[in-house]
Number of protein chains: 2
Amino acid sequence: MLTMDRMPATPVNPRGPVLAYLQVAGDLAARITSGEFAPGDRLPAERDLAVEYGCAYDTVRRATAVLRDRGLIVTVHGRGTFVS
Amino acid sequence: MLTMDRMPATPVNPRGPVLAYLQVAGDLAARITSGEFAPGDRLPAERDLAVEYGCAYDTVRRATAVLRDRGLIVTVHGRGTFVS
DNA sequence: GGCGATTTGTACGTATGTATT
DNA sequence: CAATACATACGTACAAATCGC
């Protein structure tokens, strides 16, 4: 049976051909389009995402910047990052 | 006599009300519009700018990102940053 | 309004990778 | 191949905004 379980973040492969922040951006985008994160939902805190993905805060910031530019998410200082 | 001497970069005041990277962006913009850096000119290397301004490399990166967004400069990987 | 907890924002420092000369 | 210069990545610290109590 297909249970819509939380798909754990795929740890970043720092040696892979794809830049780390693009790996994170791609994975987050997939989790959003898959419905794991629905519109209005708040994503985990950026620093928590960094732990999940096994990467630096800076890398998550770059990733979320990409998704913000795409209009996929909205970030509010002091509150969090939300799915558009 | 007014000599068009090189105006040294104003060191960043990290305690000031203006964000450090905006201070750098503003100063660079002023040096460009004043003609110190003319179109086609290459700016000093980002790390040299960091030394000039007494700030971190990251701060210069943020500043140049602002000027790039404004179309004031163009950055080429491995070559440098040029006035548009 | 104050206080603390949470979360994003900025800043610094450093190391390594990649492109150009 | 070496030097130069931008790009990415990691780690850390502190500031600023928000919210609940």
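The structure displayed is predicted, hence computed values, not measured ones.
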Query raised in the report: For D/dT8, does OP1 or OP2 lie under 4.0 Å from any side-chain N or O of A/T59?
Result: no
Requested in this report: Specify the separation, in whole Å, of atom OH of B/Y53 and atom P of C/dA11.
Outcome: 15 Å
Query raised in the report: Which of these nucleotides, C/dT8, C/dA11, C/dT20, is closest to any side-chain atom of B/L19?
Result: C/dA11
Report summary line: Here the distance between atom C1' of D/dA9 and atom CG of A/L22, to the nearest Å, is 13 Å
**Report entry** Exercise: do B/T75 and B/R68 side chains pair donor with acceptor under 3.5 Å
**Finding:** yes
**Report entry** Of the listed nucleotides D/dC10, D/dT8, C/dT10, the one nearest the side chain of A/Y21
**Finding:** D/dT8
Query raised in the report: Is the distance from OP1 or OP2 of C/dT8 to the nearest side-chain N or O of A/R79 less than 4.0 Å?
Result: no
Query - Closest approach of A/E52 to A/P44 (non-hydrogen atoms, all atoms of both residues) - result: OE2-CG, 3.7 Å
Query raised in the report: Looking at the side chain of B/D58, which of D/dC6, D/dA9, C/dA11 is the nearest nucleotide?
Result: C/dA11
Report summary line: Regarding the side chain of B/A45, the nearest nucleotide among C/dT10, D/dA5, C/dT16 is D/dA5
Query raised in the report: To the nearest angstrom, how far is A/R47 atom CZ from D/dA17 atom P?
Result: 15 Å
Query - Under 4.0 angstrom between A/R42 side-chain N/O and C/dT7 OP1 or OP2 - result: yes
Query raised in the report: OP1 or OP2 of C/dT8 less than 4.0 angstrom from a side-chain nitrogen or oxygen of A/T81, does that happen here?
Result: yes
**Report entry** Nearest to side-chain heavy atoms of A/H77, which nucleotide of D/dA16, C/dT10, D/dC10
**Finding:** D/dA16
Query raised in the report: Expressed in angstrom and rounded to an integer, what is the separation of B/D41 atom CG from D/dA5 atom P?
Result: 15 Å
Report summary line: From the candidates C/dA11, D/dC14, D/dC10, the one with an atom nearest any side-chain atom of B/R62 is C/dA11
Report task. Nearest-nucleotide wise, let me know which of A/A56 and A/G78 is further upstream toward the 5' end of DNA chain D. Result -> A/A56
Requested in this report: Kindly indicate whether the side chain of A/V66, heavy atoms from C-beta on, has any atom under 4.5 Å from the side chain of A/Y21.
Outcome: yes
Report summary line: Rounded to whole Å, CD of A/E46 lies from C1' of D/dT12 at a distance of 16 Å
Query - Below 4.0 Å: OP1/OP2 of C/dT14 and any side-chain N or O of B/Y57 - result: no
Query raised in the report: Expressed in angstrom and rounded to an integer, what is the separation of B/F82 atom CZ from C/dA19 atom P?
Result: 17 Å
**Report entry** Least distance between heavy atoms, B/T81 atom then B/E46 atom
**Finding:** OG1-OE2, 4.3 Å
Query raised in the report: Atom CG of A/D48 to atom C1' of C/dA5: distance rounded to whole Å?
Result: 13 Å
Query - Side-chain donor/acceptor of A/S34 to backbone N/O of A/A30, under 3.5 Å - result: yes
